[in-house]
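The shown structure was predicted, so the numbers you read here are calculated from the model rather than taken from an experiment. Hydrogens, waters and symmetry mates are skipped; everything else that's a heavy atom, side chains included, is used.
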Amino acid sequence: MTVPRIFDPHIHMTSRTTDDYEAMYAAGVRAVVEPAFWLGQPRTSPESFYDYFDGLLGWEPHRAAQFGIQHFCTIALNPKEANDPRCLPVLDELDRYLAKDRVVAVGEIGYDSMTPEEDEALARQLQLAIEHELPALVHTPHRDKATGTRRTLDVVRESGIAPELVVLDHLNELTVGMVLDSGCWAGFSIYPKTKMSEDRMVEILREHGTERVLVNSAADWGRSDPLKTRKTADAMLAAGFDDDDVDKVLWRNPVAFYGQSGRLELEDPKPDEAATFQGNSIRRGGA
């Protein structure tokens, strides 16, 4: 069977092992984007963020490359920690990180508890995305998702950022329509027990199509599965989607979205290649 080429557009590899990288490569994963996020243990100073950002830009791409996977990242103050006043100085230091070559978006930004502090952090970081001409990866809240998604779309519109530069992630059946209608991209996190399953994802693709859709594993330190992108590909094929549909959703769509950064310098492996990569640089304005 031909192994599909897969680009996981949202996965937290800092939390994963080298065994995961090996398994992902065998499953067809050739590129990933790792968004800055909450590590579980609250950070107590801005400096701990900077060490983390440096790891996303240095160590993690090196580690991924050893297993044939290209690694990019997004940088931001995540919404959960936007409520901690000890962390807010990070917002003043983001400019220097958003200028780095392997940063392909501002993220994760958005809402956790929909507080005034999160309002401020989201608005400020959308402006940073505009200033740096970068896409924005937006986290929708896990509680009261429909209300949070509507509120997020309002802030996105007020910011003035082009909707095609924004992906709202962790969506479900209740929120996908409003996001696609807005012109933004729709992101889905496929999880073992929560968020979205591969079978539900197939039904969403049947109803809404494959345009402006990103499918990710969002695998982190909790119960998650870094192979859920491949399992979604298999579910799509079993449901009657063809190889081109799979390639569009799991490779060409993330390349198109993050390619808008002008920084997605990646090799473009053929679907049936094991380890030989063909060069294809993605520049601003095209994918």
Side-chain angles (χ1 to χ4, degrees), residues 9-12 14-15 33-57 73-100 103-132 134-161 163 165-171 175 179 182 184-185 187 189 194-195 216 218 220-222 261:
H10 183 153
I11 186 169
H12 301 289
T14 298
S15 303
V33 167
E34 178 163 0
F37 85 132
W38 180 56
L39 294 178
Q41 175 67 27
R43 297 177 175 95
T44 60
S45 71
E47 286 72 19
S48 60
F49 281 87
Y50 309 147
D51 289 338
Y52 170 58
F53 295 162
D54 288 342
L56 293 181
L57 287 161
C73 70
T74 76
I75 295 291
L77 173 64
N78 71 82
K80 192 173 187 70
E81 290 175 297
N83 294 295
D84 188 336
R86 296 174 298 180
C87 302
L88 293 182
V90 172
L91 291 169
D92 297 323
E93 296 294 329
L94 289 176
D95 275 307
R96 63 188 174 102
Y97 286 100
L98 295 176
K100 302 292 186 179
V103 177
V104 294
V106 178
E108 297 179 54
I109 59 177
Y111 287 113
D112 178 58
S113 300
M114 291 185 284
T115 65
E117 290 78 11
E118 292 170 22
D119 284 329
E120 173 66 18
L122 174 57
R124 282 187 63 181
Q125 292 182 100
L126 285 171
Q127 288 305 311
L128 284 172
I130 293 171
E131 292 166 13
H132 287 266
L134 289 173
L137 170 61
V138 182
H139 170 102
T140 57
H142 301 305
R143 301 175 297 279
D144 199 2
K145 187 170 290 290
T147 299
T149 301
R150 283 191 290 269
R151 183 165 170 177
T152 301
L153 289 171
D154 287 342
V155 177
V156 167
R157 280 189 288 268
E158 291 166 4
S159 76
I161 192 171
L165 287 171
V166 179
V167 58
L168 272 66
D169 214 342
H170 313 315
L171 299 184
T175 54
V179 171
S182 75
C184 295
W185 287 68
S189 300
T194 59
K195 294 187 174 72
N216 62 72
D220 57 17
W221 39 257
S261 69

With side chains defined as the heavy atoms from C-beta onward, is the minimum distance between [X] and [Y] less than 4.5 Å?
X    : Y    : value
P9   : W185 : no
V103 : C73  : yes
L77  : L88  : yes
V156 : C184 : yes
Q125 : L94  : yes

Taking every non-hydrogen atom, the tightest pair across [X] and [Y]:
X    : Y    : result
N78  : A36  : CB-O, 4.4 Å
L134 : L98  : CD1-O, 3.8 Å
A76  : F53  : O-CZ, 3.5 Å
G110 : P79  : O-CB, 3.3 Å
Y111 : H139 : O-CD2, 2.9 Å
I130 : G160 : CD1-C, 4.1 Å

[X]: partners by side chain to side chain contact (heavy atoms under 4.5 Å, CB included), with sequence neighbours left out:
X    : value
P35  : H10, H12, T74, E108, L137
P46  : Y50, P89, V90
K145 : T140, H142, T149, H170, N172, T175
D54  : Y97

To the nearest 0.5 Å, what is the distance between [atom1] on [X] and [atom2] on [Y]?
X    : Y    : atom1 : atom2 : result
L168 : S182 : CG    : OG    : 7.0 Å
D84  : E117 : CG    : CD    : 10.5 Å
K100 : I75  : NZ    : CD1   : 10.5 Å
L122 : M114 : CG    : CE    : 12.0 Å
N216 : D169 : CG    : CG    : 4.5 Å

Excluding sequence neighbours, so at least two apart, what forms side chain to side chain donor-acceptor pair (under 3.5 Å) with [X]?
X   : value
E93 : R96
N83 : T115, E118
D51 : none
T14 : E34

**Asked** For S159 and Q127, what are the C-alpha separation, side-chain angles and deciding distance, and is it a side-chain contact (heavy atoms from CB on, under 4.5 Å)?
**Response** CA-CA 7 Å; S159 76; Q127 288 305 311; 3.9 Å; yes
**Request:** Would you mind listing every salt bridge (Lys or Arg N to Asp or Glu O under 4.0 Å) that reaches into residues 147-161, with sequence neighbours excluded?
**Result:** D119-R151, D154-R157
**Request:** Could you note down all residue pairs passing salt bridge (Lys or Arg N to Asp or Glu O under 4.0 Å) where residues 35-47 supplies at least one of them, sequence neighbours left out?
**Result:** R43-E81
**Message:** Checking D144 now: which residues fulfil salt bridge (Lys or Arg N to Asp or Glu O under 4.0 Å) with it, not counting sequence neighbours?
**Reply:** none
